[in-house]
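These numbers were taken from a predicted model, which means no experiment stands behind them.
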Amino acid sequence: MGIKLYGTKPSPPVHSARLMLEYKGLDYKPIWLLPGLHPILLRTRGFSGATVPAAKIDGRKVQTSLAIARALDDLQPEPPLFPSDPEQRVEVEEAERWADEVLQDVPRRIVRWMSVHRPETRTMIAREIGVPLPRFAAWINAPTARYMANKVDSDREIHNAIGAVGEVLDHVDDLIEQGVIGGEVPNVADFQIATSVRALLTVRDLDRATKGRPAADHAMRLVPEFGNDFPAGLLLAEFMRGPATARPD
């Protein structure tokens with residue numbers, strides 16, 4: 001059996017797929033693509049869609065972390081990613097969908113804004129994945145970074161994304177308290193949620209909002225290694241005002 005996982009380093013769903021493969025104990029080959037150029041690179045590898053994560057599992061092409069999770073459970077049922085209890089499974093799948101549809105857009109918009117307005121962000125990402133001449137790669141990738149930012153309307157949504165940090169982390173804390181995630185045995189929602197929270201932890205301008213939370217501890221436990229930390233000062237000071245980014249009591 002051969003498994004290849006295609007993704008970009010800043011993408012939380014890619015790290016979700018990576019963690020699920022490792023949890024299953026499946027050998028795989030990670031293939032890191034330069035953000036922004038990944039849609040073209042995926043097409044050259046035979047994928048019909050433009051999104052990551054993408055996987056080739058013994059010749060079968062699968063895209064999105066939700067589809068990969070189910071493909072992996074079909075491929076190797078143990079250890080399972082979904083609870084056997086029907087009611088618990090509904091709760092876990094609801095949390096998984098929320099992570100996919102709501103939570104991941106928060107770090108995505110923030111990082112894509114930085115990729116456009118802070119060129120050093122692109123340089124750090126290029127250097128991390130081993131691209132030769134990372135500064136040149138960052139410069140040539142600027143139009144693509146703008147295109148990817150426009151896809152999520154990051155310029156207009158950056159204030160909303162930063163303002164949502166406290167709200168989404170509150171919800172993650174609630175899911176941990178309710179036992180939907182954060183148990184001794186992880187499930188698919190753990191992997192989907194922890195990676196997006198971990199992405200928020202890399203944006204050091206958000207430390208005031210993220211530190212000291214159960215959500216942050218959960219993310220660090222499941223995803224100790226994620227990638228670059230983006231130093232404080234990349235986000236504008238005006239973005240950081242207001243109660244939404246305050247550290248919880």
Side-chain angles (χ1 to χ4, degrees), residues 2-33 35-36 38-39 41-43 45-58 60-77 79-83 89-112 125 129 148 151-152 168 171-172 175 180-182 185-202 215 218-219 221-227:
I3 301 176
K4 293 181 179 180
L5 177 66
Y6 299 85
T8 61
K9 280 288 182 78
S11 169
V14 170
H15 288 277
S16 299
R18 172 181 67 80
L19 291 173
M20 289 187 282
L21 282 160
E22 293 171 1
Y23 178 64
K24 292 281 188 181
L26 294 167
D27 290 331
Y28 70 99
K29 179 180 180 181
I31 300 174
W32 297 111
L33 308 175
H38 65 273
L41 297 173
L42 287 174
R43 297 289 173 82
R45 287 160 171 81
F47 290 95
S48 58
T51 60
V52 291
K56 289 183 179 179
I57 304 174
D58 202 19
R60 176 188 173 193
K61 299 182 182 71
V62 186
Q63 285 182 271
T64 79
S65 55
L66 274 68
I68 290 172
R70 285 149 182 82
L72 293 180
D73 248 13
D74 289 342
L75 176 69
Q76 183 165 298
L81 291 168
F82 298 88
R89 177 160 183 150
V90 168
E91 292 178 339
V92 166
E93 288 187 323
E94 183 178 338
E96 178 196 26
R97 281 192 296 272
W98 173 79
D100 182 67
E101 296 173 4
V102 178
L103 174 60
Q104 69 171 287
D105 268 347
V106 176
R108 175 184 288 146
R109 287 183 169 126
I110 294 170
V111 173
R112 289 190 183 179
I125 294 170
I129 64 176
M148 298 302 295
K151 285 186 69 174
V152 295
V168 296
H171 186 58
V172 176
L175 290 171
V180 178
I181 62 173
V185 178
N187 58 56
V188 68
D190 281 285
F191 296 129
Q192 293 283 5
I193 290 171
T195 51
S196 284
V197 174
R198 187 67 177 87
L200 289 172
L201 297 181
T202 67
H218 173 257
R221 178 168 60 86
L222 288 182
V223 202
E225 299 292 334
F226 186 85

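- Applying the salt bridge (Lys or Arg N to Asp or Glu O under 4.0 Å) test to Glu93 and every residue at least two apart in sequence or in another chain returns Arg70, Arg89.
- Considering all non-hydrogen atoms of both residues, Val14 and Tyr6 come closest at CG2-O, 4.5 Å.
- For Tyr28, the side chain to side chain donor-acceptor pair (under 3.5 Å) partners two or more places apart in sequence, or in a different chain, are Glu22.
- Considering only heavy atoms from C-beta on, Pro53 comes within 4.5 Å of Ile68 through its side chain.
- Ala95 meets the side-chain contact (heavy atoms from CB on, under 4.5 Å) test with Leu175, Val180, Ala189, Ile193; sequence neighbours excluded.
- Judged as a salt bridge (Lys or Arg N to Asp or Glu O under 4.0 Å), and not counting sequence neighbours, the contacts of Asp73 are Lys24.
- Taking CD1 from Ile57 and CG from Leu26, the interatomic distance works out to 8.5 Å, rounded to the nearest 0.5 Å.
- Interatomic distance, Arg18 CZ to Ser11 OG, rounded to the nearest 0.5 Å: 11.0 Å.
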Discussion item. One pair to check against side chain to side chain contact (heavy atoms under 4.5 Å, CB included): Val62 and Leu72. What are the steps and the verdict?
Written reply: CA-CA 10 Å; Val62 186; Leu72 293 180; over 6 Å; no

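- Residues Gly49 and Arg43 come closest through the heavy atom pair O-NE, 3.7 Å.
- Taking each heavy atom of Gln63 and Ala54 in turn, the nearest pair found is CG-CB, 3.6 Å.
- Remark: of the listed residues Thr195, Leu200, Val197, Thr195 is the sole one forming a side-chain contact (heavy atoms from CB on, under 4.5 Å) with Pro12.
- Annotation: the span from Ile3 atom CD1 to Arg60 atom CZ amounts to 11.0 Å, rounded to 0.5 Å.
- One finds the CD atom of Glu101 at 10.0 Å from the CD atom of Glu96 (value rounded to the nearest 0.5 Å).
- With sequence neighbours excluded, the residues that form a ring-ring contact (aromatic ring centres under 6.0 Å, His included) with Tyr23 are Phe191.
- Using a 4.5 Å heavy-atom cutoff, the side chains of Val52 and Trp32 are not in contact.
- Residues meeting the side chain to side chain donor-acceptor pair (under 3.5 Å) test with Arg108, sequence neighbours left out: Gln104, Asp105.
- Checked against side chain to side chain donor-acceptor pair (under 3.5 Å), Lys56 has no partners two or more places apart in sequence or in another chain.
- The minimum heavy-atom distance linking Arg112 with Val152 is given by the pair NH1-CG1, 3.6 Å.
- The shortest heavy-atom contact between Ile125 and Pro10 is CD1-CG, 3.7 Å.
- For Glu94, the side-chain contact (heavy atoms from CB on, under 4.5 Å) partners are Arg97, not counting sequence neighbours.
- For Thr64, the side-chain contact (heavy atoms from CB on, under 4.5 Å) partners at least two apart in sequence or on another chain are Thr51, Leu66, Ala67.
- Here His38 pairs with nothing under the side chain to side chain donor-acceptor pair (under 3.5 Å) rule; sequence neighbours left out.
- The minimum heavy-atom distance linking Leu81 with Ala69 is given by the pair CD1-O, 3.5 Å.
- Among residues two or more places apart in sequence or in another chain, the side-chain contact (heavy atoms from CB on, under 4.5 Å) test is passed with His218 by Ile176, Ile181, Asp190, Ala194, Arg221, Leu222.
- No side-chain heavy atom of Val106 sits less than 4.5 Å from a side-chain heavy atom of Ser196.
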Practice prompt. Given side chain to side chain contact (heavy atoms under 4.5 Å, CB included), test Leu41 with Ile31 step by step and report yes or no.
Written response: CA-CA 11 Å; Leu41 297 173; Ile31 300 174; over 6 Å; no

